[in-house]
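Below is one structure, written out as structure tokens, with a few remarks after it.
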Amino acid sequence: MSPIKQRVQELAESYFQDTVETRRFLHQHPELSFEEYNTSAFVKRTLDDLQIPYETMANTGVVALIKGNLPGDKVLALRADMDALPITEVDGRSYGSQNPGVMHACGHDVHTSSLLGVAKILNNLKDNFAGSVKLIFQPGEERLPGGASLMIKEGVLENPAPQGIIGQHVMPFIETGKVGFRSGKYMASCDELFMTIRGKGGHGAQPHQNIDPIAISAQVITAMQQIVSRNADPRTPSVLSWGKIVGNGATNVIPEEVYLEGTFRTFDENWRAEAHEKMLKMAVGIAESMGATCDFEVRKGYPFLINEPQITAMARNLAVEYLGEENVLELDLWPAAEDFAYYSQETNACFYRLGTRNEERGITSAVHTSTFDIDEKALKTSIGLMAFIAINYLGQA
């Protein structure tokens with residue numbers, strides 16, 4: 001075992017319980033996207049205690065810098081998101097949410113407490129690495145336009161500019177003690193679709209006197225699937241789904257209009273833009289050909305997330321060294337979206353998954369559910385591995 005690996009493991013053990021307590025505190029006090037004022041204040045107090053300099057960014061975001069004492073000018077950024085979701089947590093947990101209707105159901109409490117734990121390890125080991133580590137505590141991952149985009153606009157990837165960025169995210173489908181990596185394209189872009197088809201309402205027994213927006217919307221929904229099945233390159237996964245349809249008629253009443261909401265996801269930015277145009281032309285064209293009108297809006301969300309091969313291979317190899325080959329998994333494409341993708345479009349990025357599952361303890365719920373929880377032993381893996389990757393990336397003594 002290398003001396004630095006042993007030292008990181010010792011410090012991860014030493015800070016483990018403190019990280020658990022931090023995670024539970026944050027879990028009890030969740031805050032919605034761009035409202036993370038108390039979370040931000042807690043992060044700043046912790047950094048103050050560690051004498052780590054920081055600055056505020058994007059209102060509630062925090063960016064800190066730890067400089068190694070060895071000569072070198074490389075910079076690596078480490079990112080954690082801080083916001084929670086508008087979900088009511090199940091009762092009965094001693095560390096359950098104390099903010100009604102708000103819950104850390106996506107593990108951002110894990111990410112924030114882990115990055116603070118990493119900060120403590122790296123702060124202890126400044127004599128063992130060169131360059132600098134930029135710690136990014138980011139607001140608003142769960143809500144457009146995404147805190148990452150705002151922080152980038154305000155200069156989070158400048159002064160100093162990192163040569164790479166690493167993030168991690170809980171994964172309840174992977175056992176605690178294991179992590180997962182994927183090189184190249186990993187997570188999808190995500191756009192929100194809003195469509196209103198307006199016809200002419202009237203009696204259901206007299207359809208010839210009406211322009212039925214329900215029948216027209218059915219034609220539009222069916223036809224638009226051909227954008228995916230007949231226009232998209234089959235080597236580029238794409239998803240077009242409608243999750244909300246509202247037509248306020250009755251058994252014998254054809255409504256004036258139908259309102260729809262959906263999502264479009266893919267893994268190619270050029271095709272994404274082309275698909276937006278095709279959806280608009282198809283929806284408007286079909287509606288007009290049947291005597292109706294159509295308002296179609298695309299709200300662009302996050303781009304697709306790409307893990308740069310070299311930094312990802314480096315991080316994966318270090319994970320094998322730190323955890324063992326049997327505890328490092330290969331991930332498949334994941335059609336969910338993450339605003340970490342903005343960083344991956346700007347610099348060399350690696351976004352990996354932290355296993356948090358424990359079937360024996362019944363910790364199996366998916367993220368974004370009221371029953372989501374983690375096996376807190378994952379926090380030891382989390383803080384140790386990320387610190388180990390950072391030190392080795394920058395160069396150690």
## Note on the structure
dist Ile66:CD1 -> Leu125:CG (nearest 0.5 Å) comes out at 10.0 Å
### Message
If the condition is ring-ring contact (aromatic ring centres under 6.0 Å, His included), which residues does Tyr15 pass it with, not counting sequence neighbours?
### Response
none
### Message
As an exercise, state the distance from CD of Gln28 to CD of Glu89, rounded to the nearest 0.5 Å.
### Response
9.5 Å
### Message
Would you say Ile254 ends up clustered with Tyr259 if hydrophobic residues are merged whenever their side chains have heavy atoms under 4.5 Å apart, either directly or through other cluster members?
### Response
no
### Query
What heavy-atom pair brings Leu116 and Phe42 nearest, and what distance separates the two atoms?
CD1-CE2, 3.9 Å
### Message
Any carboxylate oxygen within less than 4.0 angstrom of a Lys/Arg side-chain nitrogen, looking at Arg79 and Asp339?
### Response
yes
### Task
Using a strict 4.0 Å threshold on nitrogen-to-oxygen distance, state whether Asp375 and Arg361 make a salt bridge.
yes
### Query
Minimum heavy-atom separation for Ala378 to Thr356, with atom names?
CB-CG2, 4.1 Å
### Query
Does the distance from a Lys or Arg side-chain N to an Asp or Glu carboxylate O, for Arg23 and Glu376, drop under 4.0 Å?
yes
### Message
With a 4.5 Å cut-off on side-chain heavy-atom distances among I, L, V, M, F, W and Y, is there a chain of contacts connecting Leu135 to Leu50?
### Response
yes
### Query
Out of curiosity, does Leu323 fall in the hydrophobic cluster containing Ile391 (side-chain heavy atoms, cut-off under 4.5 Å, transitive links)?
yes
### Query
Would Thr196 and Arg198 count as having a side-chain donor-acceptor pair, cut-off 3.5 Å?
no
### Query
What distance separates Gln17 CD from Thr22 OG1, expressed to the nearest 0.5 Å?
10.0 Å
### Task
Mind checking the CD-CD spacing from Glu141 to Glu338? Nearest 0.5 Å is all I need.
4.0 Å
### Task
Look at the aromatic rings of Phe388 and Tyr322 and report parallel, tilted or perpendicular, splitting at 30° and 60°.
tilted
### Query
Which heavy-atom pair separates Phe267 from Leu333 by the least distance, and what is that distance?
CE2-CD2, 3.7 Å
### Message
Please report the interatomic distance SG(Cys106) to NE2(His169), rounded to the nearest 0.5 Å.
### Response
3.5 Å
### Task
Could you tell me how the ring of Phe173 sits relative to the ring of Trp334: parallel (under 30°), tilted (30 to 60°) or perpendicular (over 60°)?
tilted
### Task
With rounding to the nearest 0.5 Å, note down the distance linking OG1 in Thr19 to CD in Glu21.
9.0 Å
### Task
Show the numbers, then the answer: is there a side-chain hydrogen bond (donor to acceptor under 3.5 Å, both in side chains) between Lys44 and Thr56?
CA-CA 9 Å; Lys44 291 174 182 178; Thr56 300; 2.8 Å; yes
### Query
Phe181 and Tyr352: aromatic ring centres closer than 6.0 Å?
yes
### Query
Should the pair Lys380-Glu13 be classified as a salt bridge under the 4.0 Å nitrogen-to-oxygen rule?
yes
### Of all pairs that satisfy ring-ring contact (aromatic ring centres under 6.0 Å, His included), the ones with a partner from residues 48-75, not counting sequence neighbours
none
### Query
Does the pair Asp191/Lys300 count as a salt bridge with the N-to-O cut at 4.0 Å?
no
### Query
Once the angle between the rings of Phe351 and Tyr186 is folded into 0 to 90°, is it parallel (under 30°), tilted (30 to 60°) or perpendicular (over 60°)?
tilted
### Task
Work out which heavy atom in Val118 is nearest to a heavy atom in Met386; give both atom names and the distance.
CG2-CB, 3.8 Å
### Message
Could you check whether atom NZ of Lys67 has more than 12 heavy atoms from other residues, nucleotides or ligands sitting under 6.0 Å from it?
### Response
no
### Message
List the residues meeting side-chain contact (heavy atoms from CB on, under 4.5 Å) with Thr39, not counting sequence neighbours, and say none if there are none.
### Response
Leu26, Glu31, Glu36, Met82
### Expected output: side-chain Asp373 to main-chain Ile363 donor-acceptor under 3.5 Å
no
### Query
Should the pair His27 and His104 be assigned to parallel (<30°), tilted (30 to 60°) or perpendicular (>60°) ring geometry?
tilted
#### Entry: For Gly164 against Thr347, the heavy-atom pair lying closest together
N-OG1, 4.0 Å
